[in-house]
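Being a predicted model, the structure only gives us computed values, none of them experimental.
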Amino acid sequence: MRAVKVLHLHGPEAGNSSPEALIEDYLDHLCAPLIGIVPYERRIRLRDEARFNIQGRMEMYVRDGVEPAEAAAQAVEKYGHTDELSEQFLEEWMHYLPKGSIARRLGLPMSYAAFAFFESTFIGMLILQVRMYAADPRPYTFGLPNSTFRQIFPEPLPLPEASPSWVLLWSYAFLAPLIAGWFTGTKALTGAARAACMIMMPLVIGSFMLGTLMLPTTEGLWFAFVQILWWVPAGALTAHVASVLARRRRLRFRPTTRK
């Protein structure tokens with residue numbers, strides 16, 4: 001992770017900056033990732049709490065005979081990396097921000113990921129059900145017994161299916177995690193990738209179970225394999241990229257006027 005330079009100031013380097021400058025620079029790095037997400041009043045409260053704790057630790061070092069600038073550098077280093085602390089604060093903020101009981105229990109990232117990926121899986125399974133009960137013949141619906149192997153793979157091998165429902169199903173299977181991941185990342189500004197991965201695990205298990213119930217039609221199982229091999233990495237990566245871009249957009253100051 002990115003480390004702040006002030007965390008590594010010791011000896012002569014620490015003497016080149018005043019203790020107050022070192023602490024304020026640290027607090028700037030600590031609060032910068034919160035801009036546009038956490039309200040100003042809450043950021044100021046966090047900054048004041050961090051300043052109070054750091055100054056108390058610095059005074060303790062000074063009483064032990066450490067130079068003030070060196071004591072300030074050691075105090076901020078002991079307090080922790082700013083990127084890690086900011087991320088932890090954001091996760092707690094996004095967890096306790098929602099008002100609904102379910103959202104409070106899961107946290108905003110998990111809530112958005114659950115909504116997006118559950119809905120995407122439901123639509124995919126709905127398309128599978130329509131295909132399974134459709135009258136169109138499907139060359140890749142085969143049973144498990146070995147006696148039917150040549151019925152499944154006759155010679156010569158059949159050409160891949162290109163019916164509209166087949167194209168719809170697998171086009172949807174490719175695009176759905178990208179859309180769901182983007183929605184999750186734009187709404188959940190922190191922990192979006194982890195939330196997408198955690199939500200996908202029970203969904204994949206559910207898809208495998210439903211796919212088993214659809215046998216001898218195997219498209220349900222193939223859909224579950226696509227979810228574990230494509231949906232999980234694609235959804236998590238898209239959610240991460242979307243959250244990074246959304247946080248950058250929120251960093252831009254946009255003055256608002258009250259009517």
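Between Met58 and Ile23, some side-chain heavy-atom pair lies under the 4.5 Å cut-off. Contact check for Arg42 versus Leu46: side-chain heavy atoms found under the 4.5 Å cut-off. Residues Leu30 and Arg47 are not in side-chain contact: their nearest non-hydrogen atoms beyond the backbone lie 4.5 Å or more apart. Taking 4.5 Å as the limit, some side-chain heavy atom of Val204 sits within range of a side-chain heavy atom of Phe208. Side-chain contact between Thr121 and Ser207 is present, with at least one heavy-atom pair separated by less than 4.5 Å. With a 4.5 Å cut-off on side-chain heavy atoms, Val76 and Leu22 do not count as touching. Contact check for Met201 versus Ile228: side-chain heavy atoms found under the 4.5 Å cut-off.
Residue Phe225 places its CZ atom among 12 or fewer non-hydrogen atoms of other residues, nucleotides or ligands, all under 6.0 Å distant. Counting non-hydrogen atoms of neighbouring residues, nucleotides and ligands closer than 6.0 angstrom, the CD atom of Glu24 exceeds 12 such neighbours. At most 12 non-hydrogen atoms from other residues, nucleotides or ligands lie less than 6.0 angstrom from CE of Met198.
Separation of atoms OG (Ser111) and CD1 (Ile199) is listed at 8.0 Å; rounding is to 0.5 Å. Taken to the nearest 0.5 Å, the CD atom of Glu119 stands 11.5 Å off from the CG atom of Leu126. Atom CD1 of Ile127 sits about 9.5 Å away from atom OG of Ser165, to the nearest 0.5 Å. A distance of 9.5 Å separates CG of Leu210 from CG of Leu128, quoted to the nearest 0.5 Å. Rounding to the nearest 0.5 angstrom, the gap separating the NZ atom in Lys78 from the OH atom in Tyr61 is 5.5 Å. The CG atom of Leu215 sits 5.0 Å away from atom CG of Leu221, with the distance rounded to the nearest 0.5 Å.
Under 4.0 Å is where a charged nitrogen must lie from a carboxylate oxygen, and between Asp48 and Arg45 no such pair does.
Put simply, the side chain of Thr186 gets close to the backbone of Phe183: a donor and an acceptor are under 3.5 Å apart. Panel note: side chain Ser18, backbone Ala21; a donor-acceptor pair is recorded below 3.5 Å. Trp231 contributes a side-chain N or O that, together with a main-chain N or O of Ala173, makes up a donor-acceptor pair within less than 3.5 Å. No side-chain donor-acceptor contact under 3.5 Å links Tyr79 to the backbone of Arg57.
Taken together through direct or relayed side-chain contacts under 4.5 Å among Ile, Leu, Val, Met, Phe, Trp and Tyr, Leu175 and Trp182 form parts of separate hydrophobic clusters. Both Tyr172 and Leu169 sit in one connected hydrophobic cluster of ILVMFWY residues. Membership requires side-chain heavy atoms under 4.5 Å apart, directly or through other members.
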Q) Could you go step by step and tell me if Gln129 and Met214 meet the side-chain contact (heavy atoms from CB on, under 4.5 Å) rule? A) CA-CA 9 Å; Gln129 292 290 332; Met214 292 180 183; 3.0 Å; yes
Q) When you look at Gln227 and Val232, which way does the side-chain contact (heavy atoms from CB on, under 4.5 Å) test go after all the steps? A) CA-CA 6 Å; Gln227 282 188 308; Val232 174; over 6 Å; no
Using a 3.5 Å cut-off and no angle test, enumerate the donor-acceptor pairs between side-chain atoms of residues 238-245 and protein atoms at least two apart in sequence or in another chain.
| residue | atom | partner | partner atom | Å |
| --- | --- | --- | --- | --- |
| Thr238 | OG1 | Ala234 | O | 2.7 |
| Ser243 | OG | Ala239 | O | 3.3 |
| Ser243 | OG | His240 | O | 2.7 |

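Every residue was checked against the ring pair (Phe, Tyr, Trp, His ring centres under 6.0 Å) condition with Phe122, not counting sequence neighbours, and none meets it.
Residues Gln74 and Glu70 bring a donor and an acceptor atom of their side chains to less than 3.5 Å of each other.
Relative orientation of the Phe174 and Trp230 rings is parallel, given thresholds of 30° and 60° on the angle between their planes. The aromatic rings of Trp170 and Phe223 sit tilted, their planes meeting at an angle between 30° and 60°.
The minimum heavy-atom distance between His29 and Asp25, with the atom names listed, is ND1-O, 2.8 Å. Here the closest non-hydrogen pair linking Ala236 and Ala193 is O-CB, 3.4 Å.
If you chain together ILVMFWY residues whose side-chain heavy atoms come under 4.5 Å of each other, Ile205 ends up grouped with Met209.
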